[in-house]
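As structure tokens, the structure follows; a few thoughts come after it.
All heavy atoms count here, side chains included; hydrogens, waters and symmetry mates do not. The sequence lines fix the lettering, A, B, ..., with proteins before strands; numbering per chain opens at 1.
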Protein chains: 4
Amino acid sequence: MTEKGIRDYFEQTMAADATITPKQRAILQASLDLFAEQGFDHTSTSDIATRAGVAEGTVYRRYKTKNAIREAVVAPIIDNIVPSMAADFSEAELHQSFATLEDFFQAIFSDRLAFVTDNAKELKVVFEMIFFNADSRSALMKRVGPLVVNQIGTVFTDLKQRQLIVDWPNDLIIQTMLSMLVGYFARLVMGFPDTDITRETDFIVMALTKTFTPSAD
Amino acid sequence: MTEKGIRDYFEQTMAADATITPKQRAILQASLDLFAEQGFDHTSTSDIATRAGVAEGTVYRRYKTKNAIREAVVAPIIDNIVPSMAADFSEAELHQSFATLEDFFQAIFSDRLAFVTDNAKELKVVFEMIFFNADSRSALMKRVGPLVVNQIGTVFTDLKQRQLIVDWPNDLIIQTMLSMLVGYFARLVMGFPDTDITRETDFIVMALTKTFTPSAD
Amino acid sequence: MTEKGIRDYFEQTMAADATITPKQRAILQASLDLFAEQGFDHTSTSDIATRAGVAEGTVYRRYKTKNAIREAVVAPIIDNIVPSMAADFSEAELHQSFATLEDFFQAIFSDRLAFVTDNAKELKVVFEMIFFNADSRSALMKRVGPLVVNQIGTVFTDLKQRQLIVDWPNDLIIQTMLSMLVGYFARLVMGFPDTDITRETDFIVMALTKTFTPSAD
Amino acid sequence: MTEKGIRDYFEQTMAADATITPKQRAILQASLDLFAEQGFDHTSTSDIATRAGVAEGTVYRRYKTKNAIREAVVAPIIDNIVPSMAADFSEAELHQSFATLEDFFQAIFSDRLAFVTDNAKELKVVFEMIFFNADSRSALMKRVGPLVVNQIGTVFTDLKQRQLIVDWPNDLIIQTMLSMLVGYFARLVMGFPDTDITRETDFIVMALTKTFTPSAD
DNA sequence: TATGAATGAGATTTCATTCAT
DNA sequence: GATGAATGAAATCTCATTCAT
């Protein structure tokens, strides 16, 4: 289950939209890069124009405000996170896919860590936005939250029935998984030097498997 | 081991410095609050003056730039984080304090989660500062990093000798602990509604204990 | 040898630079006028904007700081002073041009006094800049000094060979000439009412000729 | 006729005024130094307080405004220039003092160049003030002008009667003398390295004597 | 008298946004 | 559509001056 980067998705989306000119594309690219490098507030529209190699007015041709640019940058990221969260876990599939708890974590984390790694830049922008903006935050939560809870819930129900996972509240398990993910993201973004994705994945999968495997009794 | 809030420390620091007037204190307080609420970049010096009930010029009397204000706000926060990381773990103490692995996690997390809870606002300001500023980041790391590694390292050596903890690399264990802490901080700051600190602490301690207890064989 | 005013040169320079818009031109003109009238420090960018009939932001569009505006104003003035100092005094020309010492002073002073008269405003701005700023001063000296010394030196050598001028050290002669020029400039700028350029020129030429003609013996 | 520096006069004046405290004296000293070093506009009252080693409020104790400080600094300079210009040239004295034209120039210039040398700092402050302030300028002129013209006029009348000086208009002769003085001041203030006062005086006296000695015929 | 914190008016500067070409 | 000059509102910052202690 190789994840394509948001960037690919991003460019696909843009390519699909015939109304987006190459210049607009350059503007969104430059915006993304600069927002990730310096933060939204420290990026001026003039910076964007310069980096994109266009005139300042052009930046405003399609997007009426600087905020609209951020939204245009962030939208595909969100749109890309969502469906991957909403992956269809039909019951038949579950037994096949996740013969063991380790398989489950392996599937989730090899996928998600790769996703985070490939899209650290984009996620940094999203993160900045939701960090100080309660509205963006709740908008995102409203969209992503239920999916996570429902989809993962389905899996958990199955895993619990098969006694492959401990019978602890779902929110606590999800929480732990998200913590590991966020921790990884933090290390990545903060530029920790030795972030070896394979080592990290293997360790996280191993640790979580141990944590959430029901005690033999 | 009740932790005093950074705010108390903050006020102590200011009270100790006879050169800081009530108005300057009000300015630092207002700055801290506003930086936490709106972020540094969305807080104008005029905002600070209004909130502190002083003239705008007064904001600049002691601190020559807006950045200097942030530094004045952040310094005591950092100064407060550091010593709590540097808690003395002498060997004698270790056996007494941490008879079991659970005791260890309990000690660490009941303390740290309370600290994070009490000082979420202050930590948010620090966090914002280091998020896009590699310099601040490495400055903080240089100060905090070695303490964490050394202190925790001492404990781990002891725990490993007594075979209370698995013989995995220290960095991976620390990483996991930090992930849980960061995850908790994230939920708190993002305003998750049902963040029950006792429930969280109990769960984290329990989960980590299970994760890092050596398998009986 | 009619001298064109710095203002003409100034406008030529601007006209030649297609990237300078009429508004930018108005800004530089207004700046020059105001700097000369009130001094640099007593001229606010708001003054400049008002006089130039533009918005205050426009003042900063091309020149990033108020100091950069001064530089843009002063540069063409300096550029204009320099070449006129570097007038080519080839030997052949010398004998023709300066048959007598009076011819020499007449040539120099009718030219220089006219220049100072026409460009008093501009020179005042340069003067203000170098008065308290050792850096600007030495920068100007490095550029202008050698030219004056070399060019005038050539002439002096010739005049001395032909025994048309006393054999005193060049620096003292130059000094005297400059004193007369500076004295004239001071009277002009200080607004002395009866500064009649012809009378002044005639007098200065006459006086200097007498001063520096070798005594018959 | 040895001239005491303005500084001495300055301090005498202050010492004589029992109402001026040592702190006020320090303030005037510091102001003078800073105005001469950096110019009036680039010297803040805070700079003055720091340099004088007093509190900022103290600066305002006696002088109500920054401009009043400048006036207090400048007044003794003016007061010192004026009487020296108004030296009584009674006819009897003239014949004694100035047996030759050279004696006259020697007296004037050895005195005035020494004065300029000793008080370059103070004169720089006066100069800055009158350069851009027409009011200060005309106030000074009204005070100094007539004295110069009358006193020097008396001398000239005498010298002309004795045919020691050419019968040229007084204003042109005065002008030339002032030009030499201003030229010297300029070199001094601009920091020309090799300003040797004896050499300069000797040269100026010699040159002017030659210039203004009536031609033998 | 001396202090120095406080003031507020005004200066410089930035930058998202508009608009004529 | 694209350009980039122009805008003006708002931000940061300075500093002469006041005033309570």
(message) If you define the side chain from C-beta out and look only at heavy atoms, does anything of B:Ile27 sit under 4.5 Å from B:Arg62?
(response) no
(message) Students often get this wrong, so: under 4.0 angstrom with heavy atoms, is C:Thr43 touching a base, only sugar-phosphate, or nothing?
(response) sugar-phosphate
(request) Specify the separation, in whole Å, of atom OH of A:Tyr60 and atom P of F:dA6. (result) 18 Å
(request) Keeping the roles fixed (side chain from A:Arg51, backbone from A:Ser46), state whether a donor-acceptor pair exists under 3.5 Å. (result) no
(request) Can you figure out which of E:dG4, F:dT12, E:dT13 approaches the side chain of B:Ser44 most closely? (result) F:dT12
(request) Check whether any side-chain nitrogen or oxygen of A:Gln24 sits under 4.0 Å from OP1 or OP2 of F:dG1, and answer yes or no. (result) no
(message) Could you tell me the Watson-Crick or G-U partner of E:dT14, where both distances fall under 3.5 Å? Say none if there is no partner.
(response) F:dA9
(message) Within the 3.5 Å criterion, strictly below it, is a donor on A:Thr43 or A:Gln38 matched to an acceptor on the partner's side chain?
(response) yes
(request) Compare the minimum distances between each of E:dT13, E:dT3, F:dT3 and the side chain of A:Val54, then state the nucleotide with the smallest one. (result) F:dT3
(message) Strictly by Watson-Crick or wobble contacts shorter than 3.5 Å, is anything paired with E:dT21, and which nucleotide is it?
(response) F:dA2
(message) Given E:dA16, F:dT12, E:dT7, identify the nucleotide with an atom nearest to the side chain of A:Glu56.
(response) E:dA16
(message) Looking at D:Ser46, I'd like to know whether one of its side-chain N or O atoms comes within less than 4.0 Å of OP1 or OP2 on F:dC15.
(response) no
(request) Ignoring backbone atoms, test whether B:Lys23 places a side-chain nitrogen or oxygen under 4.0 Å from the OP1 or OP2 oxygen of E:dT7. (result) yes
(request) Compare the minimum distances between each of F:dG4, E:dG8, E:dT3 and the side chain of C:Arg61, then state the nucleotide with the smallest one. (result) F:dG4
(request) Compare side-chain N and O positions of B:Thr21 against OP1 and OP2 of E:dA5 and report whether any pair is under 4.0 Å apart. (result) no
(request) Using distance alone, with no hydrogens and no angle criterion, decide if A:Thr65 and A:Asn67 have a side-chain donor and acceptor under 3.5 Å apart. (result) no
